[in-house]
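The sequence lines fix the lettering, A, B, ..., with proteins before strands; numbering per chain opens at 1. As the structure is a prediction and not an experimental result, all values here were calculated from the model. Reckoned from all heavy atoms, side chains included, excluding hydrogens, waters and symmetry mates.
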Amino acid sequence: MDLHTLTMAQAQDLLSRGEICSVELTQALLDRIDLYDDRIGAFITVDKSCALAQAKAADERIAKGDNAPFTGIPIALKDLLCTKGIKTTCGSKILGDFVPQYDATVVAKLKKDNAVVLGKTNLDEFGMGSSTENSAFKITRNPWSEDHVPGGSSGGSAAAVAAQFCCGALGTDTGGSIRQPASHCGVVGLKPTYGRVSRFGLVSYASSLDQIGPITRDVRDAAMMMNLICSHDPKDSTSAGVQVPDFTKALKENQSLEGMKAGIPREYLEVEGIDPGVRSIFEQARKVLENLGVEIVEISLPHTQYAVAAYYILAPCEASSNLARFDGVRYGARDSDSQDLLEMYKKTRSQGFGPEVQRRIIIGTYALSAGYYDAYYGRASQVRTLITKDFSKAFDQCDFILSPVAPTPAFKIGENTKDPLTMYLSDIFTLSANMAGIPGLCVPAGFSPKGLPVGIQMMAKRFDEMSLLRAGFGFERALDLKTSFPVL
Amino acid sequence: MELEPVIGLEVHAQLKTKTKIFCNCSTQFGRSPNENTCPVCTGMPGVLPVLNFQAVTFAIKAALATGCKIARESRFDRKNYFYPDLPKGYQISQYAAPIAEHGHLDIETQKNGAKTIGITRIHMEEDAGKLIHDPVRARSMVDLNRTGVPLIEIVSEPDIRTAEEAGAYLRKLHTLLKYIDVCDGNMEEGSFRCDANISLRPRGQEKFGTRTELKNLNSFKNVEKAIRYEIDRQAYVLEEGKSIIQETRLWDPNKNKTASMRGKEDAHDYRYFPDPDLPPLIVDETWIQSVAKLMPELPDQKMVRFIEQFQLSVYDATVLTSNLDLADYFEETIKGLSDIKQAANWTMTTLLGMLNAKGLNITQSPVTATAFSTLLKLIEKKAINAKTAKNVFEQMVSSCKTPETIVKENGLEQVSDHSQLEELVDKIILENPDEAAAYRGGKTKLFSFFMGQVMKNTRGKADPKIVTPLIKSKL
């Protein structure tokens, strides 16, 4: 049996029945990482001995028969999630040697179940980017085509899942950072409703937009992982005190989607620069859903054209403040030659942060300055409210919104690095979900003519991940993509 | 041209919560550096603030005590600036939407009498840490124990006109916050800190002059001294025909002057914006009502009650309600007493005199309210006279014995037995025939001679109210 091909659900089944043990599964994945990750570059840190120790503990727990759903299942974590005792770099030189004293709430939940943490995956520095090229440490390559980016910022997690280095992974999504790399790597990615998952221990990029979510091989695994990570957390004041359903209940084999309505925003199809391959895959997806009984309605999200501009004000504003703590005083890198405090701050931060992070800190600092606040932060917040209202109106007409994830398939490494604006514009379909706090799911939908995976996105109203998982699962089963994983 | 000072005060009061405002660390003062810290208050990556609702309850109390309007929805903002004592690179404060606004405090000064000072706002915020500079190794060290300790900032309207009024306002506010038990008021430990904004304008002009902000005013005396100095300094500058620079000035208590700390050109742009990690703070009517129920009687209310209930003078009532512990002591003392005025006098002169001399506050008094009350009861029952009582009081202070014990051990009971005293008076008149004759001849001043003899014979224990008519009738 090729252990690395197992989904989380399959691994769970085999582990609980004693047909495989976690140590052999973990070892198989570690071997595969050893073999291929020099090429792919999905991981920043792999802690083999720790992973194997966790696997051993999991096997002992399974032997006693008190296994939890994730006991023994090897997972990869985006390196923006704090892991006690394991280096957490955020893809930044400024935290190159930083080892947290505590676990993020989601990590603590994984550990409580005795899941196995294989390692920490690469990302755009502090989550700022759409290609994982903004990592201070390495380039991550798209497992489907190694001269292409995996997307970002959770590019390492998406690549690790696509390359079958792990059963599943956690990513974070501030403007599309789970969904876009999932689309580019041909895997499933779900950004939950804002407040569904505790952000405690997620190193903040833009606090009002950040959300942790699963990146998995299929929709069932995403639902499984949602069951684990969603809950109210007293350590996160923005986490919601809402009931968490059993998300796997959304998954029913051969279920008809009769009665569901999918809205297609007319403004999204008018976006310039949508790749013809993406367009045709989107059309196919629409037909697949229609065949499943989904009624397609045209909807309008009239403020779409302002979303990118507003997002690239709000996110940098929050970032400029969130990243102020990286000052060299208490932890992380510090310039040691400085003669005074101001020089130490300047040198530490200029040397510690990469260009994209510095660009966003400068934009945010400027936009929050006295005299500019109303024109920038104030206006952008108003746009955010309007976008949120657009979505609430839209959800009066449909159960979920169907859209592309990104205007193009994965682009070539280096192709867009000179032009941050084009890179920002490619977030057009995903960042509105963050602005409105609604959940968004990316499901693989086909391949571009060049053989690069392309996903579709479904968005639902707040706390209605069930509709997304239901429609996503139905779509995934109906589409039945045969070549769902790349050959390395 | 006569110049009129315009003064506004900003008071930072530390709330008496056991734990910090956004994490569970202790707020205890005097721990070793960085002992009271955790990932949240040291600003580690990925941590999030969780509001301490006890701090909110205390802020509501302060708002109710100052007649502020409490916002149903307030908000926390980030005040962004870099400094090593500020781990996150921003202070969480309330800027655009504070928890309470539009209150007032009534003060009284000798010169200007009663006056109401407006309170602009009360907002909640976290304290910063502390830098310790090591001059030997030319290093600075950071202590984050104080980081995240909850504060309220109480901002007054620019209604204050003199240093004396500023002092009265601060003392009143200090008393009030201690009364409602939200702040320990310890100025040395920094639990109650004050900044003053001062400007001058020609009397009659409405527009404010350019102001300076005074910092480091760590005692009531310093506040008054610094404000007086700054008023004189500004007046001098203006009379020279120069203009005031808007700046922050530091009070130097050793040199007794203020000096420029930073000018307007160095003024920070704090880039305030709503903290996305904290949802709006909702304070509903139920919460306010539940806090209102916990409110103790406020100093002004207590003073009025003391006047009405105990027929005390305004002065006595003011002194006795000037702090809650003293007021409680007094009320405990007068239980079962009938002469309240006498108790008030004893409390204010004898008891407070002794405490002042010893540098103690009322809670540290060696004489408990119960013992003090017993002493006063002995006077009321005429078991001892006032003079003896002073003596007993002194022994109570030094020995901690009960007044009854002291009286018994020393045989100090007042002699009130009529026949015993009559016998004594007869004997003294017989023994002093010359003085008796002189008295009878009109030298009534000799009355005190006979009284003195009686007291001498009874070692001061004779009841003068009985002795006086006896002497007079016998002579």
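By the 6.0 Å contact criterion, CZ on B:R146 is enclosed, its count of non-hydrogen atoms from other residues, nucleotides or ligands being greater than 12. Dense packing is recorded around CD of B:E285, with more than 12 heavy atoms of other residues, nucleotides or ligands lying under 6.0 Å away. Around the NZ atom of B:K130, the shell of radius 6.0 Å holds no more than 12 heavy atoms that belong to other residues, nucleotides or ligands. Within 6.0 Å of atom CG in B:D252, more than 12 heavy atoms from other residues, nucleotides or ligands are found, so the atom counts as buried in its surroundings. For NZ of A:K111, the number of neighbouring non-hydrogen atoms (other residues, nucleotides, ligands) closer than 6.0 Å is greater than 12.
Within the model, atoms OG of A:S320 and CZ of B:F273 stand 6.0 Å from one another, a figure rounded to the nearest 0.5 Å. With values rounded to the nearest 0.5 angstrom, A:S204 atom OG is found 12.0 Å from B:K88 atom NZ. Distance check: B:F82 CZ to A:K346 NZ gives 11.5 Å after rounding to the nearest 0.5 Å. The OG1 atom of A:T238 lies 6.5 Å from the CG atom of B:L48; values are rounded to the nearest 0.5 Å.
Interface remark: A:L209 contributes no atoms to any contact with chain B (heavy atom separation under 4.5 Å). Using a 4.5 Å cut-off between heavy atoms, A:C317 touches chain B through its backbone atoms (N, CA, C, O) alone. Proximity to chain B (any heavy atom under 4.5 Å) is restricted, for A:Y194, to the side chain, taken from C-beta onward. Looking at A:S381, there are no atoms closer than 4.5 Å to chain B (heavy atoms on both sides), in backbone or side chain.
Ranked by heavy-atom pairs shorter than 4.5 Å toward chain B, the options A:E318, A:K235, A:R325 are led by A:R325. Ranked by heavy-atom pairs under 4.5 Å with chain A, the first of B:Y90, B:Y81, B:Y272 is B:Y90. Interface summary for chain B: among A:N322, A:L80, A:L81, the most heavy-atom pairs under 4.5 angstrom belong to A:N322. With respect to chain B, the highest number of heavy-atom pairs below 4.5 Å among A:T88, A:D236, A:L342 belongs to A:D236. Contact count versus chain B (heavy atoms, under 4.5 Å) is highest, among A:Y377, A:Y372, A:Y345, A:F326, for A:Y345. For the options A:L341, A:L323, A:D210, heavy-atom pairs under 4.5 Å to chain B are most numerous at A:L341. Considering only heavy-atom pairs separated by less than 4.5 Å from chain A, the leading option among B:L278, B:L51, B:D277, B:N80 is B:D277. Taking B:P274, B:P39, B:P84 one by one and counting their heavy-atom pairs under 4.5 Å with chain A, the maximum is reached by B:P84. Most heavy-atom pairs under 4.5 Å with chain A: of the set B:P279, B:P87, B:C23, B:G89, this distinction falls to B:P87.
Scanning residues 195-203 of chain A against chain B with a 4.5 Å heavy-atom cutoff picks out A:R199, A:F200, A:G201, A:L202, A:V203, ordered by number. Residues of residues 98-109 of chain A lying within less than 4.5 angstrom of chain B, judged on heavy atoms, are A:F98, A:Q101, A:Y102 in numerical order.
In this structure, the side chain of B:D269 engages the main chain of A:A370 through a donor-acceptor pair within 3.5 Å. With hydrogens and angles disregarded, a donor-acceptor distance shorter than 3.5 Å links the side chain of A:S237 to the backbone of B:P49.
For the 3.5 Å distance criterion, the side chains of A:Y373 and B:R271 fail to qualify, holding no donor opposite an acceptor.
Across B:T37, B:L144, B:N34, a single residue satisfies side chain to side chain contact (heavy atoms under 4.5 Å, CB included) together with A:R330, and that is B:L144.
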